[in-house]
Amino acid sequence: MKLWSQYFIPTLKESPADAEIPSHKLLIRAGLVRKLGGGLYTYLPLGLRVMQRLSQVCREELERAGAIELAMPHLHPAENWQQGPRWAAAREIMFRADSAGDGRRGPREPEYVLGPTHEEVITPLVRAEITSYRDLPKNFFQIGTKFRNEIRPRFGLMRAREFVMMDAYSFDATDEGAIRSYHAMKAAYEAFFRRIGVTAIAVEADTGVMGGSFSHEFMVPAEVGDDDVIYNEESGYAANREKATSALVPADLADAPPAGAVEEFPTPGVVTIAALEAAPYAVPADRQFKTLVYVGDGKPFVVILRGCDELEEAKLGSLGFTVFRPATAEEIEPVLGAKPGSLGAVRGTIRNPDALAGVFADHAIRLVGNGVTGANRDGFHLRHVNIGRDLALTRFGDFRRVRPGEPDPKSGAPLKVRRGIEVGHIFKLGTKYSDKFGAVYTDDQKQNHPMVMGCYGIGISRTLQAVIEQGHDADGIIWPWAAAPFQVLVCVLDPQLPEAMDLARALATAAEQAGAEVLIDDRAERPGVKFKDADLIGFPLRLTIGGRGLKEGILELKWRAQKDIIKVPVAEAAARVAAAVKEAWAKA
RNA sequence: CGGGGUGUAGCUUAGCCUGGUAGAGCGCCUGGUUUGGGACCAGGAGGUCGCGAGUUCGAAUCUCGCCGCCCCGACCA
């Protein structure tokens, strides 16, 4: 048990000016964290206690799933990353750490980086230490600080530059084994979030820079989330916006009978879909081809969508480029022959087709029969364009952004969208890293094979904030039992009375023996201050001992999540408290 | 990095437009009164007005530059 007067809980009446969302304000007001700089936070004692609780529950569930804890350095030789498969893509988010004191200034390449994640460390380790199928599968995890130079840190712990993450890495002999490991981790995640009282749903996700074959994100539904979840409750479909698809292609008009030969017509000054939709052209957006140019690994490529659709940029990841970005007008003109606004991909109109890394078309353009597209000549467009006959396509793919209301790919029911906070992510990686680092094992036929990997992350510090975002009211935080910094607060209104403090200690002991952690508010403050602080911090169970009640032989028991106050005779109090604690653990 | 905001005591802020003594609330310290939902009275400490130039007799206030922080976008646990 701890005495409040001896502890350190700096609460605030007012929200700091730089906090915007409820959970961020409460983190600071309740004395859980303080900001050092952008995206950098000190965990105060109360905040640290919550972090430790979350970490411990996470640890228990992972160990139950067979994972093994270790701890890797936070400082990585840059060499590990340079040898890995994603140096080009990952270096932007990594903090460089160059050795100090040797008199050299600013080496071209960093000597060390601060680890944003640990594939580049664990894979060489496993390569060196595990060589036989007999030693597989293995799944290693750690809980520790990660560093990412986020372009824009946001909302307190929600997106920080330094944060606490659980990261795990599985190594299997076979693809089936890797899928088993993946599902074991998915189940462990579900158990973790359930135990700490957080509603998190698994949604299909894009693999992003990680690479790999499939992936789920664990999302906490919240208005302040960074991500859009596309879902339908009935069918159970749920996917991150970056991954979401819809069953939108009822008819395939790729080879529709041409309405005529391709024909150029002047469109002076028309550089937008909307302008072509307007009079005098009157071409509906869903009959236009939108032609976008990107640069992938240094080479331009073209993406074609319906005029009415938006590109979901993350989906370009499926094309296999390490890095890509929108092309500039200067890069586009020499290759296609026109400025943006008159671009197209009709055969014969592209000035320098050999310079292109490909022409990729979204499936939905199949809905466009005789369409209109740019002529690759400024101020001109083409009509009667047929996909099969006229477009110089490399291949089709899924590149468009799904819109709410479109049919679910599973059931055809309308898709919905809601915001979510990504608190966890699991990837089936395949052999991307084991190939690169040579992590192979020998099977019982003396044959060598690359290990099949998975990687898994839970943002512990972000989860802390998600818990608050999901559990608060106008008065403050409402901690789930298993996540609370202390489960029980004994609020002593008259700490100068020895019998009040004696009773408080006795009840605290009883609660501790039942398995709770207890804080005693022994401060010489007025009752109002104590109650406000208790509600602000949100201890799940509050016992109130006052001089007035003591005379009548009663004290009060109150759950933070409930309105009513339960009066308990002092003689029964210890037993009632112990029972309440046990009941709370049973329900948690 | 692009767009928008903002920076005055530990916290929340007024003052800035229209240049002339830096003000309040909370918190803190002292004394007293109070004591079941952020008490009251009296006294007190606490400020390079983000930093640097410039304009001016005089700059928190006007001008320029820089920096920090917040919000929107791309990125992520």
Side-chain angles (χ1 to χ4, degrees), chain A residues 10-21 24-25 28-29 31 34-40 54 58 89-90 92-94 116-117 143-168 189 200 205-210 217-220 224-227 240 242 311-314 317 323-326 420-427 455-466 475-476 491-497 524-536 542 544-550 555-556 558 565:
Chain A
T11 59
L12 259 33
K13 275 190 195 173
E14 289 175 290
S15 298
D18 59 8
E20 193 83 2
I21 65 171
H24 186 194
K25 291 177 182 172
I28 293 166
R29 286 192 55 209
R34 285 293 183 266
K35 183 167 74 177
L36 174 63
L40 301 172
L54 300 181
C58 185
E92 277 183 29
I93 62 150
M94 288 197 285
T117 170
I143 298 173
T145 305
K146 295 285 181 283
F147 301 87
R148 290 186 194 171
N149 194 5
E150 290 293 341
I151 308 163
R152 181 156 88 87
R154 265 217 303 184
F155 295 154
L157 301 180
M158 207 73 104
R159 193 192 311 175
R161 290 204 162 98
E162 183 182 319
F163 58 98
V164 174
M165 181 166 115
M166 182 292 298
D167 50 321
Y189 273 41
D206 183 68
T207 50
V209 178
M210 279 298 172
E217 282 175 355
F218 283 76
M219 308 290 298
V220 173
V224 299
D226 279 353
D227 296 272
N240 185 299
E242 295 176 351
L311 173 66
E312 181 59 61
E313 208 172 74
V323 289
F324 55 84
R325 58 169 173 83
I421 301 166
E422 182 189 351
V423 288
H425 207 150
I426 57 179
F427 299 88
C455 73
Y456 316 88
I458 291 177
I460 300 288
S461 44
R462 180 182 283 182
T463 298
L464 187 165
Q465 188 163 348
D475 293 320
C491 190
V492 185
L493 299 184
D494 302 285
Q496 75 284 1
L497 298 177
E525 289 286 352
R526 297 168 58 86
V529 173
K530 295 185 171 222
F531 292 141
K532 288 289 184 189
D533 273 344
D535 289 345
L536 174 63
R542 187 183 83 198
T544 306
I545 298 171
R548 186 183 296 177
L550 275 186
L555 55 88
E556 290 164 11
K558 182 180 179 301
I565 291 169

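Convention: sequence-line order gives letters A, B, ...; per-chain numbering from 1.
Contact annotation for A:Glu525: no contact, since no heavy-atom pair falls under 4.0 Å across all strands. Using a 4.0 Å heavy-atom criterion, one finds that A:Gly547 contacts no nucleic acid atom at all. Using a 4.0 Å heavy-atom cutoff across all strands shown, A:Asp226 reaches at least one base atom of the nucleic acid. A:Val423 comes within 4.0 angstrom of the backbone, heavy atoms only, and of no base. The residue A:Asp227 sits close to a base: some heavy atom pair falls under 4.0 Å.
Atom CG of A:Leu12 and atom C1' of B:U12 are 9 Å apart (whole Å). Atoms CZ (A:Arg548) and P (B:G36) sit 5 Å apart, rounded to a whole Å. Here B:A77 presents its P atom at 15 Å from OH of A:Tyr456, a figure rounded to the nearest Å.
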Can you give me the N/O atom pairs linking the protein to nucleotides 69-74 of chain B at distances under 3.5 Å, or say none if there are none?
{"from": "B:C69", "atom 1": "OP1", "to": "A:Gly38", "atom 2": "N", "distance (Å)": "2.9"}
{"from": "B:C69", "atom 1": "O3'", "to": "A:Lys35", "atom 2": "NZ", "distance (Å)": "2.9"}
{"from": "B:C72", "atom 1": "OP1", "to": "A:Arg154", "atom 2": "NH1", "distance (Å)": "3.0"}
{"from": "B:C72", "atom 1": "OP2", "to": "A:Arg152", "atom 2": "NH1", "distance (Å)": "3.2"}
{"from": "B:C72", "atom 1": "OP2", "to": "A:Arg152", "atom 2": "NH2", "distance (Å)": "2.7"}
{"from": "B:C72", "atom 1": "OP2", "to": "A:Arg154", "atom 2": "NH1", "distance (Å)": "2.6"}
{"from": "B:C72", "atom 1": "N4", "to": "A:Arg152", "atom 2": "NE", "distance (Å)": "3.4"}

Enumerate the protein-to-nucleotides 49-52 of chain B contacts in which both atoms are nitrogen or oxygen and the separation is below 3.5 Å.
none

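A donor N or O paired with an acceptor N or O is found under 3.5 Å between the base of B:G25 and the side-chain atoms of A:Glu14.
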Under the 3.5 Å Watson-Crick or G-U criterion, the dot-bracket string of RNA chain B, with | for inter-strand pairs: (((((((..((((......[..)))).((((((.....)))))).....(((((..]....))))))))))))....
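Between A:Phe531 and B:G38, no base-stacking contact is recorded for ring centres under 5.5 Å apart and planes less than 30° from parallel.
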